[in-house]
**Q** 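Let me give you the structure first, and then I'll get to my questions.
Not measured: the values here are computed from a predicted model. Note: hydrogens, waters and symmetry copies are ignored here, and every other heavy atom, side chains too, is used.
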Amino acid sequence: MKKIVLILLSILLVLSLVGCSSANTSSSTPPENPQSSTTTNSETQDPSVTQQNIEPAETSESDENGPDSVPVVYFTSDISTEGLVRLYQQFGWEPTGPVAVKISTGEPPASNYLRPELIGDLVQLVDGTIVECNTAYGGSRSSSAMHRQVAEDHGFTAIADFDLLDEEGEVEWPVTGGDRLSYIIVGSHSENYSDWIILSHYKGHQMAGFGGAIKNVGIGASSARGKVLVHTAGTKTSGSIFYSDQDAWLEALAEMVDGFVDHVGTEHIVYINVMNRLSVDCDCNGHPAEPDIHDIGILASTDPVALDQACYDLVAQAEGNTSLMNRIERQRGLHTLEHAEEIGLGSRTYQLINIDE
């Protein structure tokens, strides 16, 4: 009888020690600085962040893109042409044909577009063509002639070939499984490129809350008519871009990117977000508000949802973030990522690897 009692007491002691160990190793406080971590976000509008320190590891393409894996997001605090190239090289990505580098040329006279001296080495490394589409809201980039002049004035034509994707027309690509869109409209020249680098300036946005990789494709790669289609959640292709149902148009934004990725192929696209000049206003605003947040760094991934989520999480931790966070929350910006994850575009859970360490 004593033996049985002793055995039972021993088992209870072991279970108690295991429970204490598990409680002591869990944490719900994000690190003050970006580091190698795994981040999981809840399904709420303002998700809490749980990060656990892990050792940086080499990640193969299959590790990053496998159905049961957590996507990798690379980070560097070095916002320079060297830092941008070094971050891109983490992918070990080899284009198979002509490379389109999708940027925003920026609205004159004083927007925060990515400067040619920052991106030039990367564009030339891949022998890329800088691509854009005309706008649907007027301004200096609503016609091809004016847009080409802006691209020249902003220095892009001096570092690479420049192609307005919708200058000679547009094409429709299908969307499968979408609630808002059954097709997307892109510039006809989009079919001339086999591989894409989506090179985005992360910042606030007046309508979407924030602009990053998904916005750069969903609106930026749409033709003028395609932009209206997305902004109005698939209801029309001409007229005003303003729409009364905020959630619906944000869902259409995610679905446009899903259709784009399905057509081009996941393996043919990489996404890079530069987190500098973090104004609450988009680069489509020629007179943006001055940033309240210090520059953060550059992030890159093969998963656009993970990438934009990681950028949001860094903004949420940054000092002076009140204005930008208020804009994102007011415009329900995270709903784009929620819907994008629901339709299988990507994951809001990711592994952050700081390549500076």
**Q** Are any non-hydrogen side-chain atoms of Ile355 and Gln90 less than 4.5 angstrom apart?
**A** yes
**Q** Check this for me: does any side-chain nitrogen of one of Arg86 and Asp121 sit under 4.0 Å from a carboxylate oxygen of the other?
**A** no
**Q** Answer with yes or no whether the hydrophobic clustering places Met146 together with Leu164; edges join I, L, V, M, F, W, Y residues whose side-chain heavy atoms lie under 4.5 Å apart.
**A** no
**Q** Output the distance between atom CD1 (Ile296) and atom CG (Asn276), rounded to the nearest 0.5 Å.
**A** 10.0 Å
**Q** Answer with yes or no whether the side chains of Arg225 and Ser238 bring together a donor and an acceptor at under 3.5 Å.
**A** no
**Q** Would you say Leu337 and Leu334 make side-chain contact, with heavy atoms under 4.5 Å?
**A** yes
**Q** Which pairs would a plain distance check flag for residues 176-187, meaning a side-chain donor or acceptor within less than 3.5 Å of a matching protein atom at least two apart in sequence or in another chain?
**A**
residue: Arg180; atom: NE; partner: Glu251; partner atom: OE1; Å: 2.8
residue: Arg180; atom: NH2; partner: Glu251; partner atom: OE1; Å: 3.1

**Q** For the backbone of Asn134 and the side chain of Asp166, can you confirm whether one donor and one acceptor N or O come within less than 3.5 Å of each other?
**A** yes
**Q** Side-chain donor-acceptor pairs under 3.5 Å in residues 92-102, sequence neighbours left out?
**A**
residue: Trp93; atom: NE1; partner: Glu267; partner atom: O; Å: 3.1
residue: Thr96; atom: OG1; partner: Asp195; partner atom: OD2; Å: 3.0
residue: Lys102; atom: NZ; partner: Glu132; partner atom: OE1; Å: 3.3
residue: Lys102; atom: NZ; partner: Asn216; partner atom: OD1; Å: 2.8

**Q** Do the side chain of Gln124 and the main chain of Ile159 share a donor and acceptor less than 3.5 angstrom apart?
**A** yes
**Q** Residues two or more places apart in sequence or in another chain: which of them pass ring-ring contact (aromatic ring centres under 6.0 Å, His included) with His339?
**A** none
**Q** Quick one: does any side-chain atom of Ser301 pair with a main-chain N or O of Val72 as donor and acceptor, under 3.5 Å?
**A** yes
**Q** Do Tyr312 and Met325 touch side chain to side chain, with heavy atoms closer than 4.5 Å?
**A** yes
**Q** Aromatic contact between Tyr202 and Phe210, with the criterion being ring centroids under 6.0 Å apart: yes or no?
**A** yes
**Q** So does Val70 get a backbone contact from the side chain of Gln351, meaning a donor-acceptor N/O pair under 3.5 Å?
**A** no
**Q** Are there more than 12 heavy atoms of other residues, nucleotides or ligands under 6.0 Å from atom CG of Asp127?
**A** no
**Q** Short question: side chain of Gln309, backbone of Thr349 - any donor-acceptor pair under 3.5 Å?
**A** no
**Q** Would you please name every residue forming a salt bridge (Lys or Arg N to Asp or Glu O under 4.0 Å) with Arg148, sequence neighbours left out?
**A** Glu167
**Q** Partners of Glu290 by salt bridge (Lys or Arg N to Asp or Glu O under 4.0 Å), sequence neighbours excluded?
**A** Arg277
**Q** Partners of Trp173 by ring-ring contact (aromatic ring centres under 6.0 Å, His included), sequence neighbours excluded?
**A** Phe260, His263
**Q** Is the distance between the ring centroids of Phe156 and Tyr113 under 6.0 Å?
**A** yes
**Q** Under 3.5 Å, is there a donor on one side chain and an acceptor on the other for Asp356 and Ser77?
**A** yes
**Q** Quiz question: by atom type and distance under 3.5 Å, do the side chains of Asp78 and Thr76 form a donor-acceptor pair?
**A** no
**Q** Assess the side chains of His147 and Thr105: does a donor N or O sit below 3.5 Å from an acceptor N or O?
**A** yes
**Q** Quick one: are Ile119 and Thr81 in side-chain contact, heavy atoms under 4.5 Å?
**A** no
**Q** Please check if the side chain of Asp292 supplies one atom and the backbone of Asn321 the other of a donor-acceptor pair under 3.5 Å.
**A** no
**Q** Are Ile197 and Tyr88 side-chain neighbours, meaning at least one heavy-atom pair lies under 4.5 Å?
**A** yes
**Q** Would you say that Thr302 contacts Ile269 through its side chain, given a criterion of any heavy-atom pair below 4.5 Å between the two side chains?
**A** no
**Q** Do Lys203 and Asp281 meet the salt-bridge criterion of a basic N to acidic O distance under 4.0 Å?
**A** no
